[in-house]
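In this chain, residues are counted from 1 in sequence order.
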Amino acid sequence: MNTFSKTMLGLMMISLVIITIIMYNILETSRENKKLYNKLDLLLSSPAHHIAAAVSQTVPEKNIQSESTLRGIDVSHWNGNITEDLPKKDQLNFVICKSTQGEHEVDPDFRKNWKFLEEKNIKKGAYHFYVYSQNPIQQAIHFSNTVGEIKHSDFPLIIDIEEGSLPRKYIDQHQLKADLLKFLEYIERKTNRTPVIYSDYAFINRYIDDDAFSKYPLWLAEYSHASKPAVPKVWKNKGCMIWQKTDRYDISSTEVDFDVYYK
């Protein structure tokens, strides 16, 4: 074999190796793409609560107390008969009902919702909408008396405090914090359970940025649509117990707030 033939043979062998490498990479890319498409198909073909479950697993480990999470909603009389429709329309795991507001108001659907959830053995919780201008102890008494005895499987009682809780005029932040602690301490003594605070990121950082509140579990309203919530600095190390991820969860054409509980 002359020099020219050897050179040509060498070039052919190099070309064959290059083609082999290129084909291998193409096949590997195709396999990875196929895996990705299969995952997307699975998500897109799943019910909404399955999609939400997949997203919820991306929350930081410090916020998760076990490998699983529960998915649920919170309701008031504004949502109509959504509680009774729940077992027929979806497979969410818990419902939190508005119970009371201020010193005297009771949500018109609370007792009906509470009884129904008890009969259907659905994990449940009750919340009180706090009013800054009213007596905190009287609000706590009204709340705890309305709900009555809570079972071990129920969520601890929850206080909802947000912008709507405050008057438009002057707010004494020192008084707000002191009164809120009075409410929480009364509920804890009465129920022998540590109550939960519900609020949003901005409100907490502005009005209740005090380490005294960090002992209470946090139900955080945070609608960033990110893979994990932005946790207020007071709860930065502890994380949130429940994340209200969105106010747009659809059940049978009824939109409600969607929550994830890290059990």
Side-chain angles (χ1 to χ4, degrees), residues 62-66 68-70 72-76 83 93-107 109-132 134-162 165 175-199 204 207-208 210-221 231-232 234-235 237-244 259-263:
K62 68 180 181 181
N63 287 340
I64 299 177
Q65 298 173 9
S66 75
S68 60
T69 58
L70 298 181
I73 56 172
D74 54 280
V75 300
S76 70
T83 302
N93 307 112
F94 68 88
V95 177
I96 298 175
C97 311
K98 181 178 180 180
S99 170
T100 48
Q101 179 168 329
E103 296 178 359
H104 304 293
E105 293 183 42
V106 177
D107 187 272
D109 285 348
F110 172 68
R111 291 186 175 90
K112 178 188 70 174
N113 287 336
W114 198 248
K115 181 181 179 183
F116 180 83
L117 294 169
E118 175 71 22
E119 290 173 349
K120 297 298 181 182
N121 200 30
I122 297 172
K123 187 175 180 66
K124 65 188 189 299
Y127 75 87
H128 170 86
F129 190 85
Y130 186 81
V131 179
Y132 168 85
Q134 297 183 18
N135 184 284
I137 300 301
Q138 290 304 313
Q139 291 189 68
I141 292 170
H142 173 50
F143 180 32
S144 57
N145 286 348
T146 300
V147 177
E149 185 178 356
I150 55 173
K151 300 194 308 184
H152 180 73
S153 58
D154 295 333
F155 285 101
L157 295 186
I158 301 162
I159 177 172
D160 175 351
I161 182 166
E162 51 189 276
S165 302
Q175 188 65 47
L176 171 64
K177 293 176 184 178
D179 285 351
L180 182 57
L181 284 173
K182 289 177 184 177
F183 181 102
L184 293 164
E185 289 165 359
Y186 179 92
I187 293 296
E188 186 166 12
R189 289 194 304 270
K190 181 70 180 288
T191 65
N192 201 30
R193 301 273 298 276
T194 304
V196 177
I197 295 175
Y198 167 90
S199 195
I204 291 169
Y207 292 107
I208 53 175
D210 191 310
D211 288 340
F213 296 104
S214 64
K215 68 166 284 188
Y216 301 100
L218 175 64
W219 174 12
L220 177 65
V231 179
V234 170
W235 280 272
N237 294 326
K238 189 175 182 179
C240 60
M241 182 180 82
I242 306 174
W243 177 18
Q244 188 181 83
D259 305 283
V260 176
Y261 166 54
Y262 308 116
K263 54 177 184 165

Practice problem: Evaluate whether atom CD of E149 has more than 12 neighbouring non-hydrogen atoms of other residues, nucleotides or ligands under 6.0 angstrom away. | Solution: no
Quiz item: Counting distance only, does the side-chain N/O of S165 pair as donor-acceptor with the main-chain N or O of Y130 below 3.5 Å?
Solution: yes
Exercise. Determine, stepwise, if the pair L176 / Y207 fulfils side-chain contact (heavy atoms from CB on, under 4.5 Å).
Key: CA-CA 8 Å; L176 171 64; Y207 292 107; 3.7 Å; yes
Quiz prompt | Residue pair I159 / V196, side-chain heavy-atom distance below 4.5 Å | solution = no
Quiz item: Hey, does W219 have a side-chain heavy atom less than 4.5 Å from the side chain of I158?
Solution: yes
Practice problem: Identify the two heavy atoms, one from T146 and one from R111, that lie closest to each other, and give their separation to 0.1 Å. | Solution: CG2-NH2, 4.0 Å
Quiz prompt | Check: N135 main-chain N/O paired with E103 side-chain donor or acceptor under 3.5 Å | solution = yes
Quiz item: Which pairs, with at least one residue in residues 189-198 and sequence neighbours excluded, count as a salt bridge (charged side-chain N to carboxylate O under 4.0 Å, His left out)?
Solution: none
Quiz item: Under 3.5 Å, is there a donor-acceptor pair between the side chain of E105 and the main chain of T100?
Solution: no
Exercise. Compare every heavy atom of G102 with every heavy atom of H142, then report the nearest pair and how far apart it is.
Key: CD2-O, 3.4 Å
Exercise. Check the pair F213 / L180 against side-chain contact (heavy atoms from CB on, under 4.5 Å), numbers first and verdict last.
Key: CA-CA 9 Å; F213 296 104; L180 182 57; 3.5 Å; yes
Quiz prompt | Separation of T191 OG1 from D154 CG (nearest 0.5 Å) | solution = 11.0 Å
Quiz item: Between K123 and F155, is NZ or CZ placed under 6.0 angstrom from the six-membered ring centre and within 45° of the ring axis?
Solution: yes
Quiz item: Cut-off 3.5 Å, side chains only: do S99 and H128 have a donor facing an acceptor?
Solution: no
Quiz item: Is the closest side-chain heavy-atom distance between K98 and F110 below 4.5 Å?
Solution: no
Practice problem: Taking all non-hydrogen atoms of both residues into account, name the closest pair between V131 and Q139 and its distance. | Solution: O-NE2, 2.8 Å
Quiz item: Heavy atoms, side chains only, cut-off 4.5 Å: are K124 and K151 in contact?
Solution: yes
Practice problem: Determine, step by step, whether C97 and D107 satisfy the side-chain contact (heavy atoms from CB on, under 4.5 Å) criterion, reporting the C-alpha distance in whole Å, the side-chain angles of both residues, the deciding distance to 0.1 Å, and the verdict. | Solution: CA-CA 9 Å; C97 311; D107 187 272; over 6 Å; no
Quiz item: Between K182 (side chain) and I137 (backbone), is there a donor-acceptor pair under 3.5 Å?
Solution: no
Quiz item: If you look at every heavy atom in K215 and E188, which pair is closest and at what distance?
Solution: NZ-OE1, 3.1 Å
Exercise. Using ring pair (Phe, Tyr, Trp, His ring centres under 6.0 Å) as the criterion, list what pairs up with Y186, not counting sequence neighbours.
Key: none
Exercise. Using a 4.5 Å cut-off on heavy atoms from C-beta on, say whether the side chain of S144 contacts that of I187.
Key: yes
Quiz item: What do you reckon, is CG of N192 surrounded by more than 12 foreign heavy atoms closer than 6.0 Å?
Solution: no
Quiz item: Between W114 (side chain) and A126 (backbone), is there a donor-acceptor pair under 3.5 Å?
Solution: no
Practice problem: Using atom types as modelled and distance alone, determine if a side-chain donor or acceptor of D109 lies under 3.5 Å from a backbone N or O of K112. | Solution: no
Exercise. Flag the pair I204 / L218 as yes when at least one side-chain heavy-atom distance between them is below 4.5 Å, and no otherwise.
Key: yes
Quiz item: Do the non-hydrogen side-chain atoms of F143 and L157 ever get within less than 4.5 Å of each other?
Solution: yes
Exercise. Mind checking the CE-CD1 spacing from M241 to I197? Nearest 0.5 Å is all I need.
Key: 11.0 Å
Quiz item: Going by heavy atoms in the side chains, are P195 and Y216 under 4.5 Å from each other?
Solution: yes
Quiz item: Which pair of non-hydrogen atoms, one from D211 and one from S214, has the smallest distance, and what is that distance?
Solution: O-OG, 2.7 Å
Practice problem: List the steps and the verdict of side-chain contact (heavy atoms from CB on, under 4.5 Å) for Y132 and I161. | Solution: CA-CA 9 Å; Y132 168 85; I161 182 166; over 6 Å; no
Exercise. Would you check, one step at a time, whether the test side-chain hydrogen bond (donor to acceptor under 3.5 Å, both in side chains) holds for Y198 with E162?
Key: CA-CA 8 Å; Y198 167 90; E162 51 189 276; 4.7 Å; no
